[in-house]
S.K.: 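After the C-alpha cells below, expect a handful of questions from me.
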Amino acid sequence: MHRVYTLPLILVSVLALRADIDPAEAPIELSPVVVNAPSVANQESVGTFAMPITTLRYEPLVDVQARNLAEGQADVSIRGGTFENTSFSIGALPIYDPQTGHYSAELPVAPAMLGAPTVQTGTDNAQGGWNSTAGSIAYEWQPIKSGGFVSAGAGDNSLVRGEAYAGYVSDREIDGRTVAADVDIAASNGEGTRSFGEHDFSRYNARLQLRNDASQTDFFAGHQSKEFSWVNLYTPYNKQEIEYVRTDLLAVNHRAETGPDNEYFQAGAYYRENRDRFRIPAFSFESNHKTQVRGVAFDGRVAVLADTALNYRAGVVADDIDSSALTFGRFNDRFQYYAGLDAEHTVHLSNSRELVFTVGAQFDDSNRDRSEWSPVAKAELSNTFGALRRVYVSYDESTQLPTYQALNASATSGLFRGDPNLPRAIAQNVELGAEAGIDMWTISSAVFARHDKDLLDYVYNPVVSPARQAVSGDLDTIGFETGVRHSSKWIELIFGYTFLHKDESYLTPGQSSIYAYNFADHRLTAAVVARLGAGFELRMDNEYRIQESNALRRGTDTPILSSLGLYYAVAGVKGLTLSAEVDNLWNTYYEEVPLVPGGRREWSVGARYAW
C-alpha cells in the first residue's frame with residue numbers, strides 16, 4: 001500500500017536529480033516521441049491508436065470521464081461543467097453533435113494533422129467557443145511536411161493496433177502556394193480489461209493543403225468506425241451494452257495572416273454525420289440515431305487604430321436528427337446563428353508594461369429558441385520585465401441550447417427521459433488570474449465564480465425509478481486552478497491543481513446528479529518527461545482526486561491513476577522507436593462515471609518508424 005503513494009514521489013526525486021547532470025558530460029538526444037499536447041507526458045494510447053481525446057485524459061485543465069476506453073466513449077468537462085457544456089472547434093469551425101454531448105469528442109481526425117489543443121476558459125471561451133458554457137477545446141490544422149511514420153503495437157487482452165501516416169509537399173505551386181497532401185490510416189481491436197469490454201476501431205483520413213508564408217487552406221475528409229462494449233455502459237442493469245458509432249467529417253478551412261498586429265482572417269465550412277446504434281442484447285433492446293450538421297463560419301482580427309483592434313466572428317450551424325427513440329420532442333431539426341464583436345484597446349504604460357482593455361458581446365439565435373446577448377469585458381496588465389508576466393480580471397457570459405437526447409426523449413417512459421421544454425442555458429463567469437515565470441519555471445493561476453442558469457443535468461433516484469431524467473436548474477461553482485511547469489534539457493515537469501465547490505437548487509431528496517455533481521473537489525496532476533540519455537525517454541502522467549461524494553459511485557472516491565511509458569530510439573536505425581506503456585499502473589478500481597465499472601491495468605508494447 002505504501003508503494004502506491006511513494007513510488008511516484010521517488011521517481012520524481014530521482015529524475016529531478018538527473019536534471020543536475022552537466023550537459024557537457026552526456027549528449028542531449030532528440031525526443032523520440034511526437035508531441036501533440038505539451039501539458040501531457042504520454043502522447044500515445046495504451047489500449048488503441050491515438051485520437052484527439054487521448055492527450056486530454058491528463059490535461060490539467062480538462063476532466064475526461066471515460067467508459068471503458070477514453071477513445072471508446074468519454075465525457076469531457078472543463079471547470080466543473082458537464083459533458084454538454086464543452087465544445088470543440090477546428091480552425092474557424094465549431095464542430096459538435098446535436099444528439100448528445102457524449103459524442104462531442106467524436107473527431108475523426110488523426111492527431112498528426114492537428115496542432116496542440118488549446119483549452120479555452122473564461123473570456124477565451126466566450127470569444128472563441130460556441131454553444132459552451134464552461135469551456136472549449138480548439139485545434140488548428142497542422143502544416144504538412146514531407147515524411148511520415150508507420151507504427152504497430154500489441155498488448156494484453158489480445159490487443160493489436162497499427163497506424164500509418166504519410167505527408168508529401170510537392171514542387172508544384174498554384175497561384176504562388178505550395179500543394180501538399182497527407183493521409184492517415186489506423187486500426188485497433190482487443191478484448192478489453194473486463195469481460196464484455198472488446199473494441200474494434202478504424203479511421204481513414206485524407207487532406208489536401210495549399211500554403212504559403214501568409215496563408216493556409218485545408219481540404220479534409222475523414223471517416224471513423226467504432227464498435228465497443230462494456231457492462232453498464234449507460235444503464236444500471238449489470239448487462240453487456242454494445243455501441244456502434246460511425247462518424248464522417250468533410251471540412252474546408254482557409255486562414256490568412258493579414259497584418260503585423262496578429263491580424264488574420266479565417267473562414268470555413270463543414271459537414272458532419274454521426275450514426276449511433278446502441279444495443280442491450282439481454283433485453284433485445286436497440287436504438288438507432290443519425291445526426292447531420294452543416295456549418296459555415298468565419299473569424300478574424302483587424303487593427304482599426306494604432307492601439308485598437310477588433311476581433312470578430314460569425315457562423316451558421318444547421319442540424320437534424322433521425323432517431324428510432326428520440327421522437328417525443330417538438331422538432332428534429334434547427335438552425336443556430338451566432339455573431340461576436342469585441343474591441344481591444346492597449347495603453348502603453350512603459351517600455352515593458354501594457355494595459356489592455358477588452359469589451360464586446362456575442363449574439364446567439366435559433367429558429368427554435370429565443371436569442372441571447374452575452375457581454376465580455378476584460379482588463380489585463382502585461383509585464384515583459386520581471387517575474388510577474390500578466391494579471392487580469394474579467395467578466396463574461398455564454399449560452400447553450402439543449403441537445404436532442406434531452407429534448408426528444410419521452411418524459412414518462414424509457415431509461416433516458418427528456419423534457420421538450422428545456423430552456424437555453426446561460427452562464428455568468430467572473431475571474432481573476434495571473435501568470436509568472438522565473439528562470440525555467442512558469443506558473444499560471446486563476447480563481448473564478450460561475451453561475452449557471454437553467455443548466456442541463458440528468459438526475460437519478462434508484463428507489464423511485466431506474467430512469468435518468470433530464471432537468472434544468474441553477475448551479476453556482478467556485479473554483480481555483482493553477483499550473484506549474486519546469487522545462488530543461490533533461491527533464492520537464494508539469495503540475496496542475498484544481499479546486500471546485502458547487503451549490504445547486506434543483507435536486508430533490510433522494511436524487512443524485514449523474515453529471516453536474518460528478519466532479520473532484522480537489523484534483524492534482526503531475527506529468528514527468530525525463531530524457532535519460534542513450535536514446536531512452538521516460539514519460540509518466542499521474543492524477544490524484546478527492547471526488548465529491550456521490551451515492552451512486554462504488555469503490556474509492558480518492559483514486560491515484562498513473563500512466564507510464566518507456567521509449568527507446570534504436571541506435572543505428574534512424575527513426576525507429578520502441579515503446580512499452582502501462583495504463584492504470586496501480587490497477588485502481590475507480591468509476592469515472594458513477595455505476596460504470598472502472599477499467600483494469602493494461603499494458604502494450606510497440607514500434608514506430610518515422611522518416
S.K.: If only side-chain N and O atoms count, and only distance matters, is there a donor-acceptor pair under 3.5 Å linking R417 with Q469?
M.R.: no
S.K.: Hey, is R67 close enough to E592 for a salt bridge, meaning N to O under 4.0 Å?
M.R.: no
S.K.: Among F88, F83, W130, which residue satisfies the ring-ring contact (aromatic ring centres under 6.0 Å, His included) criterion with Y96?
M.R.: W130
S.K.: Taking the six-membered ring for Trp, is the centroid-to-centroid distance between F499 and Y497 below 6.0 Å?
M.R.: no
S.K.: Run the numbers on Y237 and F283 for ring-ring contact (aromatic ring centres under 6.0 Å, His included), then give the verdict.
M.R.: CA-CA 10 Å; Y237 297 120; F283 298 152; 5.4 Å; yes
S.K.: Y244 ring centre to K226 NZ or CZ under 6.0 Å, with the angle to the axis within 45°?
M.R.: no
S.K.: Considering only heavy atoms from C-beta outward, does the side chain of E227 approach that of E243 to under 4.5 Å?
M.R.: no
S.K.: Is a donor from one side chain sitting under 3.5 angstrom from an acceptor on the other, for N542 and S562?
M.R.: yes
S.K.: Is the shortest distance from a Lys or Arg side-chain nitrogen in R545 or D63 to a carboxylate oxygen in the other one below 4.0 Å?
M.R.: yes
S.K.: Write down the atom of L93, the atom of Y270, and the distance for their closest heavy-atom approach.
M.R.: CD1-CB, 3.8 Å
S.K.: Report yes or no: is the cationic atom of R207 (NZ for Lys, CZ for Arg) closer than 6.0 Å to the six-membered ring centre of F220, at no more than 45° off its axis?
M.R.: no
S.K.: Do the non-hydrogen side-chain atoms of V245 and T247 ever get within less than 4.5 Å of each other?
M.R.: yes
S.K.: Does the ring centre of F480 sit less than 6.0 Å away from the ring centre of H522?
M.R.: no
S.K.: Counting the benzene-type ring for Trp, do F495 and H486 have ring centres under 6.0 Å apart?
M.R.: no
S.K.: So for atom NZ, which belongs to K239, do other residues, nucleotides or ligands contribute more than 12 heavy atoms lying within a distance under 6.0 Å?
M.R.: no
S.K.: Less than 6.0 angstrom separating the ring centers of F536 and Y567, yes or no?
M.R.: no
S.K.: Quick one: does NZ or CZ of R161 land under 6.0 Å from the six-membered ring centre of F49, within 45 degrees of the ring axis?
M.R.: no
